[in-house]
Amino acid sequence: MCDGQSPGMSRRRLLVTGVLGGLPTLLAVLGSYEDPSVVLRSPSVFALFLGTVVGGSLLVTGLPAVLLVGYRLVSPAVVVAAAVLFLTVGTPQGDLPALSFVVLSAPVYLAVALAVGGVEHRLRFGSSLPT
């Protein structure tokens, strides 16, 4: 990321990219809840909701967006896009067990995306970090 900006500007740009990249997934997951007031009834359920749904949704599509924009790694975005598309098409609306599976399986396909990104990074850039 050698674009003539200071490191602080680059980090802010990557953070904005990650949040904007994760926002569609977060909105889709939040839109799939039929009764969102269930989440607000218990503090422990709300904390779990924040950690898994909000954090996970932003991370699953936000991190590959950061790797794509900041480090020019395409494969993590392709892996996550394929997984999200498959799970979106394969998950019936309003089916809570299927939605739970999507949320709980997110770390698995995120880990696969990062592993594939590591292989792409190694093949394209060698052992040095991309600039």
Side-chain angles (χ1 to χ4, degrees):
M1 244 180 20
C2 186
D3 55 3
Q5 295 180 347
S6 69
M9 289 292 287
S10 298
R11 286 188 188 107
R12 273 185 251 133
R13 188 180 90 183
L14 290 178
L15 181 62
V16 168
T17 300
V19 170
L20 291 177
L23 203 55
T25 305
L26 176 62
L27 293 176
V29 169
L30 291 177
S32 69
Y33 279 90
E34 292 178 7
D35 185 14
S37 66
V38 173
V39 174
L40 300 174
R41 290 185 188 150
S42 165
S44 60
V45 171
F46 184 68
L48 183 64
F49 171 79
L50 285 177
T52 58
V53 175
V54 175
S57 297
L58 286 173
L59 195 67
V60 164
T61 53
L63 186 59
V66 167
L67 294 174
L68 179 65
V69 170
Y71 300 101
R72 298 181 307 275
L73 296 176
V74 178
S75 59
V78 171
V79 168
V80 168
V84 168
L85 180 65
F86 174 74
L87 293 171
T88 302
V89 171
T91 304
Q93 288 294 328
D95 190 9
L96 188 59
L99 180 64
S100 300
F101 175 74
V102 169
V103 171
L104 293 175
S105 65
V108 174
Y109 55 85
L110 183 61
V112 170
L114 293 177
V116 170
V119 170
E120 178 187 358
H121 175 267
R122 186 76 153 163
L123 292 173
R124 288 179 65 195
F125 301 108
S127 61
S128 65
L129 289 174
T131 57

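What you see is a predicted model; the values in this text were computed from it and never measured.
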Item checked: Contacts of type side chain to side chain contact (heavy atoms under 4.5 Å, CB included), residue Leu20, not counting sequence neighbours -> Val16
Could you tabulate the donor-acceptor pairs under 3.5 Å formed by side-chain atoms of residues 111-118, not counting sequence neighbours?
none

Check: Does the side chain to side chain contact (heavy atoms under 4.5 Å, CB included) test come out yes or no for Val69 and Arg13, once each step is laid out?
Finding: CA-CA 9 Å; Val69 170; Arg13 188 180 90 183; 4.1 Å; yes
Check: Going from CZ on Arg124 to CG on Leu73, what distance comes out if it is rounded to the nearest 0.5 angstrom?
Finding: 6.5 Å
Next item on the list: Quick one: pull up CG in Leu58 and CG in Leu23 and give me the separation to the nearest 0.5 Å.
Entry: 7.0 Å
Tell me the closest heavy-atom pair linking [X] and [Y], and the distance in Å.
X	Y	value
Leu14	Val66	O-CG2, 3.2 Å
Val80	Pro64	CG2-CG, 3.6 Å
Val79	Tyr109	CG1-O, 4.2 Å
Leu68	Ala77	CD2-CB, 4.4 Å
Ala65	Thr17	O-CG2, 3.7 Å

Next item on the list: Write out all pairs satisfying side-chain hydrogen bond (donor to acceptor under 3.5 Å, both in side chains) with one or both partners inside residues 75-84, taking only residues at least two apart or from two chains.
Entry: Ser75-Glu120
